[in-house]
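Each residue takes its place number in the sequence, starting with 1. Note that the coordinates shown come from a computational prediction; the quantities given were computed from them, not determined experimentally.
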Amino acid sequence: SRPVTQNVRQGRGTGVKLIAIRHGETQWNTEKREMGQMNSPLTSLGLRQAEAIAVRLSKIGFAVLYSSDLGRAVQTAEIIASRCGTDVLLDKGLRERNMGVFEGLTRAEMETQFPQEWSDYQRIGFEYVIPKGESAKERLERSVRVLAAVAERHLAEDVVVVTHGGFLMGFFEFVLGIPPGNGWRFKRHNASYSTFEYSDGNWSLETWNDVGHLYQIMALDDPTIQL
């Protein structure tokens, strides 16, 4: 594979290709627990997923690798960095939404332990600030601000960011102009590959939830998908 530091695409102007990677499967993913900004280590499957996306990225080449500073993203990014021969730049702005009192709980536990907060979360939606956490709106504003700053630092380059499912879904809705909370209709698998382009201050979507690199290891984390 070519050195990542040589990935400046000629003839493209100042446009940036942002390659967005969701972290590999975690133990709490399998238990359907809300992680938020808490952590759960990658499963053995998650480690294989991370290695698969690392192999794919090593064949593409890119200029720089950013990651959320949460453990599951860092684990994934370090596997990519080892395969691609680069460093990982940590950015806490790439974190998942702070889910406050819901973190570490299953949906049933949220409803039982925090019935009023769960009701408000369902009723208010996008602007609801979870106690000790943040709202989906606040996370979206953070994602737009952080990703634009990354793009502006790396004009005319390809950049990889390792982040989280909710973070990516909110940004996806923003780029496509989808009303908040409707992105659930679009799958977002662990270790998936998505690409956005940033040009003249505007974002566009190129690829969403590409998992072709996972087929050989039967690594899709959605049991409804038949390989």
Are K132 and E103 within salt-bridge range, i.e. N to O under 4.0 Å?
no
Can you name the nearest heavy-atom pair linking R83 to S58, along with the distance?
CG-CB, 3.8 Å
I'd like to know if the side chain of N190 reaches the main chain of R22, judged simply by a donor and an acceptor atom lying under 3.5 Å from each other, with no hydrogens or angles considered.
no
As an exercise, state the distance from CD of E96 to CG of L70, rounded to the nearest 0.5 Å.
8.5 Å
How long is the straight-line distance from CD of Q27 back to CE of M35, given to the nearest 0.5 Å?
10.5 Å
Nonpolar side-chain network containing L47, other nodes, edges under 4.5 Å
L42, I79
Measure across H189 and V211 and return the closest heavy-atom pair with its distance rounded to 0.1 Å.
CB-CG1, 3.9 Å
Is there side-chain contact between S40 and R33, with heavy atoms separated by less than 4.5 Å?
no
Return the set of residues passing side-chain hydrogen bond (donor to acceptor under 3.5 Å, both in side chains) with T43 (not counting sequence neighbours), or none when no residue passes.
E25
Please check: side-chain N/O of D210 versus main-chain N/O of G212, any donor-acceptor pairing under 3.5 Å?
yes
Heavy-atom side-chain contact between I178 and M169 under 4.5 Å
no
Min side-chain heavy-atom separation V16-L155 under 4.5 Å:
yes
Residues 117-129 side chain polar contacts: donor-acceptor under 3.5 Å, at least two apart:
| unit_1 | atom_1 | unit_2 | atom_2 | d |
| --- | --- | --- | --- | --- |
| D120 | OD1 | Q116 | NE2 | 2.9 |
| D120 | OD1 | R123 | NH2 | 2.9 |

Pairs flagged by ring pair (Phe, Tyr, Trp, His ring centres under 6.0 Å) wherever residues 66-86 is involved - sequence neighbours left out
Y66-H154
Under 3.5 Å: donor-acceptor pair, side chain of Q37, backbone of R95
no
Distance-only, no hydrogens or angles: does the E206 side chain make a donor-acceptor pair with backbone N or O of T195 under 3.5 Å?
no
With a 4.5 Å heavy-atom cut-off, do F62 and V159 have their side chains touching?
no
Quick one: does T163's side chain have a donor or acceptor within less than 3.5 Å of a partner on L94's backbone?
yes
For residues V88 and V74, determine if any side-chain heavy atom of one lies less than 4.5 Å from a side-chain heavy atom of the other.
no
Heavy-atom distance under 4.5 Å between the side chains of P180 and K137, does that happen here?
no
Could you check if a side-chain atom of W208 sits within less than 4.5 angstrom of a side-chain atom of L168, using non-hydrogen atoms only?
yes
Would a distance-only check, ignoring hydrogens and angles, find a side-chain to backbone donor-acceptor pair under 3.5 Å from S194 to N209?
yes
Where is the tightest heavy-atom contact between C84 and A54, given as atom of each residue plus distance?
SG-O, 3.9 Å
Can you tell me how far the CD atom of E34 sits from the CH2 atom of W28, to the nearest 0.5 Å?
9.5 Å
Separation between CD (Q49) and NE2 (H213), nearest 0.5 Å, reads 8.0 Å
Tell me every residue that passes side-chain hydrogen bond (donor to acceptor under 3.5 Å, both in side chains) with S82, counting only those two or more places apart in sequence or in another chain.
none
Taking I60 as the starting point, is it possible to reach V55 by hopping between hydrophobic residues whose side chains are less than 4.5 Å apart?
no
Can you spot which of T76, I21, L90 makes a side chain to side chain contact (heavy atoms under 4.5 Å, CB included) with S67?
L90
Tell me whether M99 shares a hydrophobic cluster with F167, the cluster being built from Ile, Leu, Val, Met, Phe, Trp, Tyr side chains joined at under 4.5 Å.
no
Indicate, with yes or no, if I130 and M38 share a hydrophobic cluster defined by side-chain heavy-atom contacts under 4.5 Å among Ile, Leu, Val, Met, Phe, Trp and Tyr.
no
Check for a donor-acceptor pair, side chain of S192 on one end and backbone N or O of R188 on the other, with a separation under 3.5 Å.
no
What pair of heavy atoms forms the shortest contact from I217 to A52, and how long is it?
CD1-CB, 4.1 Å
Whether E138 and R97 form a salt bridge (side-chain N of Lys/Arg under 4.0 Å from carboxylate O of Asp/Glu) is what I want to check.
no
How would you list, by chain and number, every residue that makes a salt bridge (Lys or Arg N to Asp or Glu O under 4.0 Å) with R142, sequence neighbours excluded?
E134
Could you pull out the closest heavy-atom pair between V101 and F114, with the gap in Å?
O-CE1, 3.4 Å
What's the spacing between Y198 OH and L147 CG if we round to 0.5 Å?
10.5 Å
In this structure, which one of F186, F196, W203 forms a ring pair (Phe, Tyr, Trp, His ring centres under 6.0 Å) with F172?
F186
Contact between L65 and V162 at the side-chain level, heavy atoms closer than 4.5 Å - yes or no?
yes
How long is the span from the CD atom in Q113 to the CZ atom in F102, to the nearest 0.5 Å?
10.5 Å
